[in-house]
Amino acid sequence: LIPGATTVPGRPDQLITVFVTGLGDTDPPVAPGEIPQGIARTTGGLRITVGGREVAADRITYAGVTPFNPGLFQINFFLPADSAEGDQPV
């Protein structure tokens with residue numbers, strides 16, 4: 001969590017977006033420092049855990065570059081239906 005930022009924990013089955021860096025190669029390729037003009041999905045494998053429990057691959061709707069933000073990636077996924085209440089490590 002970001003100190004001083006107001007946050008609201010996600011709820012079970014809610015679609016959330018996590019912003020990250022360093023997810024690797026994409027399709028179509030986006031060169032380092034290039035401003036992506038649209039989506040480009042990651043080509044490597046991806047595993048996400050929430051509160052120590054793995055998110056099923058079919059609940060990950062997108063993992064790739066964030067359009068118009070060089071070097072920034074995003075992962076969009078639905079929280080597991082049985083997620084614990086409150087803040088959870090991702």
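Keep in mind that what you see is a predicted model, and the values were worked out from it rather than measured.
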Check: Cut-off 3.5 Å, side chains only: do T17 and N76 have a donor facing an acceptor?
Finding: yes

Notebook entry, point to check: Taking all non-hydrogen atoms of both residues, which atom of F78 and which atom of D13 are closest, and how far apart?
Noted result: CD2-O, 3.3 Å

Check: In this structure, are over 12 heavy atoms from other groups packed under 6.0 Å from L72 atom CG?
Finding: yes

Note to self: Counting only heavy atoms not in D25 (residues, nucleotides, ligands), do more than 12 fall under 6.0 Å from its CG?
What the structure shows: no

Next item on the list: Compare every heavy atom of P12 with every heavy atom of E85, then report the nearest pair and how far apart it is.
Entry: OE2-CD, 4.3 Å

Checklist line | Taking every non-hydrogen atom, the tightest pair across G33 and P70 | finding: O-CB, 3.9 Å

Note to self: Any side-chain to backbone donor/acceptor pair from T26 onto A40? Under 3.5 Å, distance only.
What the structure shows: no

Checklist line | Least distance between heavy atoms, N69 atom then P67 atom | finding: ND2-O, 2.9 Å

Next item on the list: Report the distance from atom CD of Q37 to atom CD of E34, rounding to the nearest 0.5 Å.
Entry: 8.0 Å

Next item on the list: Any chance you could measure T21, atom OG1, to Q74, atom CD, to the nearest 0.5 Å?
Entry: 13.5 Å

Check: Run the side-chain contact (heavy atoms from CB on, under 4.5 Å) check on D82 and R53 step by step: do they pass?
Finding: CA-CA 10 Å; D82 58 353; R53 301 190 62 192; 2.6 Å; yes

Item checked: Student check: side-chain heavy atoms of L23 and I75 closer than 4.5 Å -> yes

Next item on the list: Give, for atom CG of D87 and atom OG1 of T7, the distance between the pair rounded to the nearest 0.5 Å.
Entry: 5.5 Å

Checklist line | Cluster check L15, I48: I/L/V/M/F/W/Y, side chain < 4.5 angstrom | finding: no

Notebook entry, point to check: Which heavy atom of L79 sits nearest a heavy atom of R11, and at what distance?
Noted result: CD1-O, 3.3 Å

Item checked: All side-chain contact (heavy atoms from CB on, under 4.5 Å) counterparts of R41, not counting sequence neighbours -> Y62

Notebook entry, point to check: If you take all heavy atoms of I60 and F77, which pair is closest and at what distance?
Noted result: CA-CB, 3.9 Å

Next item on the list: Check whether any side-chain N or O of R47 sits under 3.5 Å from a backbone N or O of E54 as a donor-acceptor pair, and report yes or no.
Entry: no

Notebook entry, point to check: Are V18 and I39 connected in the hydrophobic side-chain network, where two residues link if heavy atoms are under 4.5 Å apart?
Noted result: yes

